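A short worksheet on the structure shown next.
Owing to the predicted nature of the structure, the values given are computational and were not obtained by experimental measurement. Naming convention: chains lettered A, B, ... in sequence-line order (proteins, then strands); numbering from 1 in each chain.
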Amino acid sequence: MSALVEKMRSIDRSAEDTQRAPGLGWAVLMLLALSCLGIGIYSYSFIVRFGMQYTGLNRPVGWGVLITDFVFWVGIAHSGTLISAVLFLFRARFRTAVYRAAEAMTVIGVMTAGLFPVLHLGRPWYAFWIFPYPNSRHLQINFRSPLVWDTFAISTYFCVSTMFFLAGLMPDAAALRDNSKGWRRRFYALFAMGWRGTAEEWRHHGRAYLFFAAFATPLVISVHSVVAWDFAVSIVPGWHSTLFPPYFVSGAILSGVAMVITLLIPIRRAMKLEAIITKPHLDMLSRVVLLTSLILTYSYSSEYLLALRAGAGPERDTLLYRATGAFWPFFWTMVLGNCIGPLFLFFKRVRASLPALLAISIMVNVGMWLERFNIVVSSLEHNRVPFDWGTYHPRLVELGITIGSFGWFFSWFLLFLKMLPSVSIAELKEEAAHDLKHVQSEVTAHAA
Amino acid sequence: MRHEPGVLAVFKDPSDAGRAVRAAHAAGQRDVRAAMPAPFPEVLEAMERPPSIIGALTLIGAMVGASLGFWLTVGTALALPMSVGGKQVVSLPAFMMIIFEVTVLVGGFSNFVGMLIGAFIGRRKSRMPEDPRFLRDRIGVFLPGASGSMHALLRTAGAEEVRDVS
C-alpha cells in the first residue's frame with residue numbers, strides 16, 4: 001500500500017477517534033462548564049429582576065467587569081481568523097493542524113462576546129433598539145457612534161467567521177458522513193451540504209475559501225479597531241489615543257493565540273492527536289505569542305513615555321494612577337503576564353516544554369483580562385478633575401456573570417470537540433501528499 | 001445519483017491521476033471528471049478548467065453591500081436630519097465603518113452562496129459513480145462515454161483499478 005494511502009487512512013482514523021462517545025473526563029468537564037453557566041445565569045437573574053444596583057457600577061464608573069469581559073472575549077475571538085485567514089494568505093503551513101480548533105474558538109468567542117453588550121444594558125429586552133429598523137417613533141440610531149459600529153462589526157464578524165468555518169468543514173463532514181450511521185450520519189450530512197469531492201466542487205471551494213480569507217483579514221483588524229474606538233473616540237484620559245487600534249489588535253492576537261495554546265495542549269493529549277498537532281506546531285504558535293507580546297510591550301511603553309513626557313496633565317495622572325492606584329496589583333500582574341512571562345519564549349527549551357508553554361499562555365490570558373479591566377476602570381475612576389473621581393468594586397453578580405461566560409464558552413467548545421472534527425481532514429491529506437512528493441523528489445535528486 | 005456510462009479508474013497517487021487526466025485529454029477525451037479527498041493540485045491543474053466565477057459573484061455582492069451601507073447610513077441621516085456632537089448630518093468618515101462592514105457582510109454571503117450553488121451545479125454537471133473511497137484515500141478519474149480502449153491508457157498512467165461502468 002502506498003505511503004500516501006496509509007497516511008490518509010491514519011488521518012481519517014485520528015479524526016474518527018475524536019468523534020467516539022465521550023468518556024468520564026469529558027463528562028466531568030462538561031458538568032463543570034454547565035455549572036459555571038448556571039452560576040452566570042443565576043447571577044444575571046438579579047440584574048433582570050432588580051436592576052443594575054446589583055453591580056458595582058456607579059457614577060463616574062459606568063463601565064466595569066461586563067465591558068471588560070466583552071473586550072476580552074472579542075480578543076479571544078481574533079486568533080481563529082488570524083490563524084485560518086491571515087496565515088492561509090501567507091501560505092504558513094503550520095496552520096493546517098491547528099486552525100479548525102482556532103476557528104471554532106473564534107465562532108464561540110464571538111457568541112460569548114456578543115452577549116455582554118446586551119447583558120450590560122440591564123434591560124436586555126431593549127437590545128433591539130440598537131438595530132436600524134423602520135419604526136413609528138421616529139427614533140433612529142446614531143451611525144456616528146462607535147457603539148453602533150460595534151454592533152455592525154461584531155455581527156458581521158460572527159456571520160463571516162461562521163461561514164468561513166462551515167466552508168472549511170464541508171469536505172470533512174462528508175468524509176465522516178460516509179463512515180457513520182444513524183443520527184450522526186444525518187448530522188454530518190447537514191454540514192457536508194451534499195459534498196462528493198468532485199473536482200468541480202474543489203474548484204469553486206478553493207476560490208471561495210481564498211475570498212473568505214481575503215475578506216476576513218481586513219475584517220479582523222476592523223473589528224478590534226472598532227472596539228478600540230469605543231474608548232479612543234471619547235475624551236477620557238487614558239482612552240483618547242490614536243495608538244489604541246493597533247495596540248488593541250496586537251493585544252487581541254496575543255490573547256487569542258495564547259488561548260489556542262491553552263486549549264490545544266490538553267486537547268491533543270486527551271484526544272490522542274499528538275501525531276497531528278505536533279510540538280513544532282505549538283512552537284510556531286508560541287513564536288506568534290512572543291512577537292505580539294513584544295508589540296504590546298512596545299505599545300505600553302510608548303503610551304507611558306508620551307504621557308510622562310507631556311508633563312503634568314490628566315493623561316499623565318490617569319496613567320500613573322493606573323500603575324499605582326487602587327488596582328496597582330492588577331497593573332503589575334498584567335505587566336508580568338503580558339510582557340515579562342512571554343520573554344521566556346525566546347528560549348527554545350521553554351517553547352519545547354509543554355507545561356511551561358501552558359503556564360505562560362494561562363499567564364497571558366490572565367494578563368490580558370486584567371489589561372482590559374485596567375483600561376476600562378482606571379480611566380473612569382480617575383477622570384480629568386478630582387470632583388469626578390470615584391472608585392469601583394466589582395460585585396459578586398458581575399464575577400458570577402464572568403464565570404458564567406467561561407461556562408458558556410467551554411460548554412460549546414466541549415460540544416464542538418465531540419460533534420465535529422477538531423482538525424481539518426482534507427487539508428491534512430493535502431499536506432501529506434505535498435510532503436511525500438517533496439520527500440520523493442529529494443530522494444530522486446539525491447540518487448541522481 | 002445517476003451518471004452516464006463510461007470508464008472509471010481508481011488511483012492511489014495524485015500525480016498518477018493527474019497524468020491520467022492529461023493522457024485522456026491528449027487521446028481526445030474532452031469530458032474528464034475526477035473526485036478526490038483533498039484538493040490535490042496535480043489533478044486540479046490537469047483538469048484545465050477555467051477559474052471559478054465566484055470572484056465575480058463576490059465582487060457584485062460586495063458592491064451591493066457597499067451601496068446598501070451607504071443607503072442605510074446616508075439615507076437615515078437625511079430622513080432624520082439631526083446634528084449630533086457638532087458633526088455634519090452626513091458624516092461620511094464616521095459612516096465608512098458601517099459601509100465597510102456591510103460590504104464585507106454582503107460580499108461574504110454572496111461568496112458563500114456562490115460556492116454552494118457552484119458546487120451544486122458542478123456536482124450535477126460532472127456526475128461521478130459513487131465510491132466512498134474518493135472521500136477518504138483514493139482519487140477517482142471518470143471518462144464518460146469512453147470505451148475499453150481507454151483501459152490501457154489509464155493503467156499505464158498508474159491506475160490500481162480500471163472498470164467499465166454502465
Per the side-chain contact (heavy atoms from CB on, under 4.5 Å) rule, which among Ile11(A), Ile425(A), Asn179(A) passes with Arg136(B)? Asn179(A)
Kindly give the heavy-atom pair with the smallest separation between [X] and [Y], and that separation in Å.
X	Y	answer
Gly108(B)	Phe215(A)	N-CE1, 3.9 Å
Ala38(B)	Lys429(A)	CB-CB, 4.0 Å
Phe100(B)	Pro218(A)	CZ-CB, 3.9 Å
Leu105(B)	Cys159(A)	CD1-CB, 3.6 Å
Pro14(B)	Leu4(A)	CD-CD2, 3.3 Å

Just so I understand: if I count every heavy-atom pair under 4.5 Å between each of Ile117(B), Leu80(B), Ile53(B) and chain A, which residue has the most? Leu80(B)
If you tally heavy-atom pairs under 4.5 Å between each of Pro51(B), Pro50(B), Gly114(B) and chain A, the highest tally belongs to Pro50(B)
Decide yes or no on side-chain contact (heavy atoms from CB on, under 4.5 Å) for Leu72(B) and Phe143(A), but give the supporting numbers first. CA-CA 9 Å; Leu72(B) 180 67; Phe143(A) 286 112; 3.7 Å; yes
Is there a donor-acceptor contact under 3.5 Å from the side chain of [X] to the main chain of [Y]?
X	Y	value
Trp149(A)	Met96(B)	no
Arg144(A)	Val89(B)	yes
Asn111(B)	Ala208(A)	yes

Salt bridge between [X] and [Y], side-chain N to carboxylate O under 4.0 Å?
X	Y	result
Lys12(B)	Glu6(A)	no
Glu130(B)	Arg196(A)	yes
Glu201(A)	Arg123(B)	yes

Taking the side chain as every heavy atom from C-beta outward, state whether Phe112(B) and Leu166(A) have any pair of such atoms under 4.5 Å apart. yes
Using side-chain heavy atoms (C-beta onward) and a distance below 4.5 Å, is His205(A) in contact with Pro39(B)? no
Is it true that, when you exclude [X] itself, more than 12 heavy atoms of the residues, nucleotides or ligands shown sit nearer than 6.0 Å to its [atom1]?
X	atom1	value
Arg186(A)	CZ	no
Ile235(A)	CD1	no
Leu59(B)	CG	yes

Separation between [atom1] of [X] and [atom2] of [Y], rounded to the nearest 0.5 Å:
X	Y	atom1	atom2	answer
Ser2(A)	Glu160(B)	OG	CD	8.0 Å
Trp202(A)	Met36(B)	CH2	CE	8.0 Å
Leu135(B)	Leu176(A)	CG	CG	10.0 Å
Met115(B)	Phe212(A)	CE	CZ	6.5 Å
Phe152(A)	Ile98(B)	CZ	CD1	4.5 Å
Ile121(B)	His204(A)	CD1	NE2	7.5 Å

Residue among Glu430(A), Arg203(A), Arg207(A) with most heavy-atom pairs under 4.5 Å to chain B: Arg203(A)
Would you mind telling me which of Arg177(A), Glu427(A), Glu16(A) has the largest number of heavy-atom pairs within less than 4.5 Å of chain B? Glu16(A)
Side chain, backbone, both or neither: which part of [X] has a heavy atom under 4.5 Å from chain A?
X	value
Thr73(B)	both
Ala79(B)	neither
Glu45(B)	neither
Phe120(B)	neither
Phe40(B)	side chain
Glu42(B)	side chain

Among residues at least two apart in sequence or on other chains, which ones pass side-chain hydrogen bond (donor to acceptor under 3.5 Å, both in side chains) with Ser14(A)? none
Test Glu200(A) against every option in Arg33(B), Lys125(B), Arg49(B), Arg124(B) by the side-chain hydrogen bond (donor to acceptor under 3.5 Å, both in side chains) rule and name the one that passes. Arg49(B)
Ala56(B): which residues meet the side chain to side chain contact (heavy atoms under 4.5 Å, CB included) condition with it, sequence neighbours left out? none
Sequence-distant partners of Met111(A), side chain to side chain contact (heavy atoms under 4.5 Å, CB included), two or more places apart: Val107(A), Phe158(A), Trp408(A), Trp412(A)
For a side-chain contact (heavy atoms from CB on, under 4.5 Å) check, start with the C-alpha distance between Asp137(B) and Lys7(A), then their side-chain angles and the critical distance, and finish with the verdict. CA-CA 9 Å; Asp137(B) 52 15; Lys7(A) 184 73 188 163; over 6 Å; no
Within residues 433-443 of chain A, which positions have a heavy-atom distance to chain B below 4.5 Å? Ala433(A), Lys437(A)
Test side-chain contact (heavy atoms from CB on, under 4.5 Å) on Val104(B) and Tyr157(A) and set out the steps. CA-CA 9 Å; Val104(B) 172; Tyr157(A) 189 50; over 6 Å; no
